[in-house]
Enquirer: 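Structure below; questions to follow.
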Amino acid sequence: MLLCFGQIIGQSWRRTRPVASAPAACFISEGEVLPHTQIIGNVRSICHVTQPGAAVTLRPLREVMTSLQPCISMQMQNRMFSSDSGDLVEAVVPFMGESISDGTLATFLKKPGDRVEIDEPIAQVETDKVTIDVASPEAGIIQEFVAKEGDTVEPGTKVAIISKSAEGAAAPSKPASEDGVSKPPPTAEKVEEKPKPKVETTPVVEKPKPASTPPPPKTSASEPQLPPKDRERRVPMTRLRKRVATRLKDSQNTFALLTTFNEVDMTNLMKLRSEYKDAFVEKHGVKLGLMSGFIKAAVSGLQNQPIINAVIDGDDIIYRDYIDISIAVGTPKGLVVPVIRNAEKMNFAEIEKEINTLAKKANNGTISIDEMAGGSFTISNGGVYGSLLSTPIINPPQSAILGMHSIVSRPMVVGGSIVPRPMMYIALTYDHRLIDGREAVFFLRRIKDVVEDPRRLLLDI
């Protein structure tokens, strides 16, 4: 135990020495630092060290400070690892992005007592946009979880305590043994409680019998019979689902939504893909899909109708001289919308590669916030789920969204003859405050022309 000299013989020393007003610090056995304002000025050069049951001995301050260095380093080590022994480290929530202040601790990927490696994910935090992993800062064994699933956490929040050695894992085993000792009393209580439910079971069997008789009069009544509550489940919404719900409802409340439709003959685009799909894969290493054709058609339509690519900001209209296409991707956790940047500068192969990369990240939950930020126009392909027709909702702060649907063989009149053709309905939902019906129809007509005859892209007509 380290104490300042003036604290032990304060009264007698004050009689012979002047008292200084400068505050000082005294160290106690637990390593805490306590302020002490009544310290004698000349005590700066003299201190004493006391051990339990030992006499007081005077030592120079230089020797005392030398003996204090291990204590100071230990205190710094405690702050670093949050452990008195320096064996424990804390796993905290990482930085989640500039626009994200908090998230929900969705699930734990490990259990207390499991072995983890450096940077191995131990938990997942769900935000409004993405799911972020909480990684282990050191290799070791998980001693305990500080937070619980469903808690709202911020960057820097402690999630788990990890022991770098096996000794830290022995701590949770001790309360397990204590629980084992405390378990017998509850078992005895359970034995006493057993006869009670037996007595109650007999009336319970009798109650359902009269309960079966009321249904006939209920059915005769005009009031509808509601299903029992025990057949319902209440599950809290995820952060991503709540965010999507809020944005879509805000879109309905803010925009003057209007949808126009058209139909596209997919014969030529599908023929182009079937003829060149092998050569395309051999050269570019990626399959040729239909989405790249619609993105190129949308780029052409946005260049012909710049108002579709614009947005209202207060009393002004912002015209964008770039085209960032957002692709709606449905994942098991919810809807995400990654962005293809500068689509007007990309060819078919570059678009297909970017779509595959973003789609894999979205399904794996590894897509970043930057890859979903922005976007000037959205394409949603409900046809992959079999949707025949829909009215998509605008993704704010954009002004329009294109909806693709399933391809269905229908009888069409071609050259005076009725022939089966693969047809797709396309829909454009737009903000009628900014975009008139004329521009919307021209835009959708341009997409129809380019998809039905992709050679228009080469000739720019």
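We number each residue from 1, following the sequence as shown. Hydrogens, waters and symmetry mates are skipped; everything else that's a heavy atom, side chains included, is used.
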Enquirer: Using side-chain heavy atoms (C-beta onward) and a distance below 4.5 Å, is Phe255 in contact with Ser399?
Expert: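 Result no, sub-4.5 Å side-chain heavy-atom pair not found.
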Enquirer: For the backbone of Lys271 and the side chain of Ser274, can you confirm whether one donor and one acceptor N or O come within less than 3.5 Å of each other?
Expert: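 Answer holds: yes.
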Enquirer: Checking Arg421 against Ser409: is there a side-chain donor and acceptor pair closer than 3.5 Å?
Expert: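 Result is no, nothing qualifies.
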Enquirer: Please name the pair of heavy atoms, one in Val134 and one in Val92, separated by the smallest distance, quoted to 0.1 Å.
Expert: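 Answer, listing the atom of Val134 first, then Val92: CG1-O, 3.4 Å.
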Enquirer: Any chance CD of Glu282 has more than 12 other-residue heavy atoms, nucleotides or ligands included, within less than 6.0 Å?
Expert: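 For Glu282, atom CD is not crowded (no more than 12 foreign heavy atoms under 6.0 Å).
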Enquirer: Within the structure provided, determine whether Arg241 and Thr238 are in side-chain contact (heavy-atom separation under 4.5 Å).
Expert: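 Side chain of Arg241 against side chain of Thr238, heavy atoms only: contact under 4.5 Å found.
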Enquirer: Atom CZ of Arg341 and atom CD1 of Ile323: how far apart are they, to the nearest 0.5 Å?
Expert: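 It comes to 14.0 Å.
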Enquirer: Applying ring pair (Phe, Tyr, Trp, His ring centres under 6.0 Å), name anything that partners Phe280, two or more places apart in sequence or on another chain.
Expert: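 Only His284 meet the ring pair (Phe, Tyr, Trp, His ring centres under 6.0 Å) criterion with Phe280.
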Enquirer: Kindly write out the residues that satisfy side chain to side chain donor-acceptor pair (under 3.5 Å) with Thr104, not counting sequence neighbours, or none if the list is empty.
Expert: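 For Thr104, the residues satisfying side chain to side chain donor-acceptor pair (under 3.5 Å) (neighbours in sequence not counted) are Arg239.
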Enquirer: Could you tell me which residues satisfy salt bridge (charged side-chain N to carboxylate O under 4.0 Å, His left out) with Arg410, sequence neighbours excluded, listed by chain and number?
Expert: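 In terms of salt bridge (charged side-chain N to carboxylate O under 4.0 Å, His left out), with neighbours along the sequence ignored, Arg410 is linked to Glu263.
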Enquirer: Could you check whether any side-chain N or O of Ser387 sits under 3.5 Å from a backbone N or O of Gly383, counting only pairs where one atom can act as donor and the other as acceptor?
Expert: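 It does not hold such a pair.
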Enquirer: Which heavy atom of Ser390 sits nearest a heavy atom of Ala427, and at what distance?
Expert: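 Here Ser390 and Ala427 meet closest at O-CB, 3.5 Å.
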Enquirer: Looking at Lys360, is its backbone amide N or carbonyl O close enough to the side chain of Asn364 to form a donor-acceptor pair, meaning the two atoms are under 3.5 Å apart?
Expert: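 Present.
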Enquirer: Under the rule for salt bridge (charged side-chain N to carboxylate O under 4.0 Å, His left out), what residues qualify as partners of Lys110, not counting sequence neighbours?
Expert: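 Residues passing salt bridge (charged side-chain N to carboxylate O under 4.0 Å, His left out) with Lys110: Glu120.
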Enquirer: So Ile407 and Leu290, side-chain contact (heavy atoms from CB on, under 4.5 Å) or not? Walk me through it.
Expert: CA-CA 11 Å; Ile407 301 174; Leu290 299 178; 3.7 Å; yes
Enquirer: Just verifying a value: how many Å separate Met412 CE and Ser417 OG, rounded to the nearest 0.5 Å?
Expert: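 It is 13.5 Å, given to the nearest 0.5 Å.
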Enquirer: Which heavy atom of Ile394 sits nearest to which heavy atom of Ala400, and what is that distance?
Expert: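 Shortest heavy-atom separation between Ile394 and Ala400 comes out as CG2-N, 4.1 Å.
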Enquirer: Please confirm whether Tyr425 and Phe261 have ring centers closer than 6.0 angstrom.
Expert: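 Not close enough - the centres of the two rings lie 6.0 Å or further apart.
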Enquirer: Taking the side chain as every heavy atom from C-beta outward, state whether Ser380 and Leu402 have any atom pair closer than 4.5 Å.
Expert: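 A side-chain contact under 4.5 Å is absent here.
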Enquirer: List the atom of Ala160, the atom of Phe145, and the distance in Å for their closest heavy-atom pair.
Expert: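 Closest heavy-atom pair between Ala160 and Phe145: CB-CD2, 3.5 Å.
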Enquirer: Could you measure the distance from the CD1 atom of Ile122 to the NZ atom of Lys111? Nearest 0.5 Å is fine.
Expert: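 Here the rounded value is 15.0 Å.
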Enquirer: Quick one: do Asn342 and Asp324 satisfy side-chain contact (heavy atoms from CB on, under 4.5 Å)? Show the steps, please.
Expert: CA-CA 5 Å; Asn342 300 317; Asp324 290 349; 4.0 Å; yes
Enquirer: From Ser300 OG over to Gln305 CD, what is the distance, rounded to the nearest 0.5 angstrom?
Expert: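 It comes to 10.5 Å.
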Enquirer: I want to check something: taking the side chain as every heavy atom from C-beta on, are Asp102 and Thr127 in contact at a cut-off of under 4.5 Å?
Expert: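 Contact flag for Asp102/Thr127 side chains = no.
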Enquirer: Looking only at side-chain N and O atoms, does Ser292 offer a donor or acceptor that is under 3.5 Å from a partner on Glu352?
Expert: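 There is such a pair between these side chains.
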Enquirer: Checking Thr259 against Thr391: is there a side-chain donor and acceptor pair closer than 3.5 Å?
Expert: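 Their side chains do not contain a donor-acceptor pair, so the 3.5 Å distance test is not met.
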Enquirer: Rounded to the nearest 0.5 Å, how far apart are CG of Leu272 and OG1 of Thr267?
Expert: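 Taking CG in Leu272 and OG1 in Thr267, the distance rounds to 12.5 Å.
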Enquirer: Minimum heavy-atom separation for Ile379 and Ala298, please, with both atom names.
Expert: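 Minimum heavy-atom separation between Ile379 and Ala298: CD1-CB, 4.1 Å.
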Enquirer: Using every non-hydrogen atom in the two residues, find where Ala362 and Val329 come nearest and quote the distance to one decimal.
Expert: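 Nearest heavy atoms, Ala362 then Val329: CB-CG1, 4.1 Å.
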Enquirer: Tell me, please, which residues at least two apart from Phe294 pass ring pair (Phe, Tyr, Trp, His ring centres under 6.0 Å).
Expert: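 Checked Phe294 against ring pair (Phe, Tyr, Trp, His ring centres under 6.0 Å); zero matches.
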Enquirer: For Ile325 and Val339: C-alpha separation, side-chain torsions, deciding distance, then whether side-chain contact (heavy atoms from CB on, under 4.5 Å) applies.
Expert: CA-CA 6 Å; Ile325 303 294; Val339 181; over 6 Å; no
Enquirer: For Asn347, does the CG atom sit with more than 12 other heavy atoms under 6.0 Å from it, leaving out its own atoms?
Expert: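 Correct, the count exceeds 12.
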Enquirer: So among Val116, Ile118, Ile162, which one has a side-chain contact (heavy atoms from CB on, under 4.5 Å) with Pro137?
Expert: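 Per the side-chain contact (heavy atoms from CB on, under 4.5 Å) rule, the option paired with Pro137 is Ile162, out of Val116, Ile118, Ile162.
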Enquirer: Which donor-acceptor pairs under 3.5 Å do side chains of residues 431-442 form with protein atoms, sequence neighbours excluded?
Expert:
unit_1: Asp431; atom_1: OD1; unit_2: Ala256; atom_2: N; d: 3.2
unit_1: Asp431; atom_1: OD1; unit_2: Arg433; atom_2: N; d: 3.2
unit_1: Asp431; atom_1: OD1; unit_2: Arg433; atom_2: NE; d: 3.1
unit_1: Asp431; atom_1: OD2; unit_2: Arg433; atom_2: NE; d: 3.0
unit_1: Asp431; atom_1: OD2; unit_2: Arg433; atom_2: NH2; d: 2.8
unit_1: His432; atom_1: ND1; unit_2: Ile435; atom_2: O; d: 2.9

Enquirer: Is any side-chain heavy atom of Leu257 closer than 4.5 Å to a side-chain heavy atom of Gln252?
Expert: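 In contact.
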Enquirer: Would you say that Thr378 contacts Gln398 through its side chain, given a criterion of any heavy-atom pair below 4.5 Å between the two side chains?
Expert: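 In contact.
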Enquirer: What I want to find out is whether Glu90 reaches Lys158 closely enough, with some N-O distance under 4.0 Å, to be called a salt bridge.
Expert: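 Counted as a salt bridge, because a side-chain N and a carboxylate O are separated by less than 4.0 Å.
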Enquirer: Is there a side-chain contact between Met346 and Val299 in this structure, where contact means two heavy atoms from C-beta onward sitting under 4.5 Å apart?
Expert: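 SC-SC contact between Met346 and Val299 ruled out.
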Enquirer: Please check if any side-chain donor atom of Asn395 sits under 3.5 Å from a side-chain acceptor atom of Arg247, or the reverse.
Expert: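 Checked: Asn395/Arg247 side chains pair up, N/O donor to acceptor below 3.5 Å.
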Enquirer: Are there more than 12 heavy atoms of other residues, nucleotides or ligands under 6.0 Å from atom CG of Asn253?
Expert: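 Atom CG in Asn253 is crowded, with more than 12 foreign heavy atoms closer than 6.0 Å.
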Enquirer: Around Ile461, counting heavy atoms of other residues, nucleotides and ligands shown, do more than 12 lie under 6.0 Å from its CD1?
Expert: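 Atom CD1 in Ile461 is crowded, with more than 12 foreign heavy atoms closer than 6.0 Å.
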Enquirer: Determine whether the side chains of Glu154 and Ser101 contain a donor N or O and an acceptor N or O closer than 3.5 Å.
Expert: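 On atom types as modelled, these side chains do not qualify, holding no pair under 3.5 Å.
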Enquirer: I'd like to check Met424 versus Ser406 (side-chain heavy atoms, cut-off strictly below 4.5 Å). Are they in contact?
Expert: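 No; the side chains remain at least 4.5 Å from each other.
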Enquirer: Please confirm whether the backbone N or O of Tyr322 pairs with a side-chain atom of Asn309, one donor and one acceptor, at under 3.5 Å?
Expert: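 Side chain of Asn309 to backbone of Tyr322: a pair is present.
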Enquirer: Once rounded to the nearest 0.5 Å, what's the spacing between atom CD of Glu126 and atom CD of Glu149?
Expert: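 Here the rounded value is 11.5 Å.
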Enquirer: Establish, from distance only, whether the side-chain atoms of Asn363 and Thr331 form a donor-acceptor pair under 3.5 Å.
Expert: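 Judged by distance alone, the side chains do not pair up.
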Enquirer: Given Thr429 and Ile393, is the side-chain contact (heavy atoms from CB on, under 4.5 Å) satisfied, shown in steps?
Expert: CA-CA 7 Å; Thr429 300; Ile393 300 178; over 6 Å; no
Enquirer: Checking Glu452 side chain against Asp265 main chain: does a donor-acceptor pair fall under 3.5 Å?
Expert: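 Checking the backbone N and O of Asp265 against the side chain of Glu452, a donor-acceptor pair under 3.5 Å is found.
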Enquirer: Could you check whether Phe443 and Phe377 have their ring centres less than 6.0 Å apart?
Expert: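 When the ring centroids of Phe377 and Phe443 are compared, they turn out to be within the sub-6.0 Å range.
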Enquirer: Classify the side-chain pair Ser368/Asp370 by whether it contains a donor and acceptor separated by less than 3.5 Å.
Expert: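 No donor-acceptor contact under 3.5 Å links the two side chains.
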Enquirer: Show your reasoning for whether side-chain hydrogen bond (donor to acceptor under 3.5 Å, both in side chains) applies to Thr107 and Gln124.
Expert: CA-CA 6 Å; Thr107 181; Gln124 289 184 336; over 6 Å; no
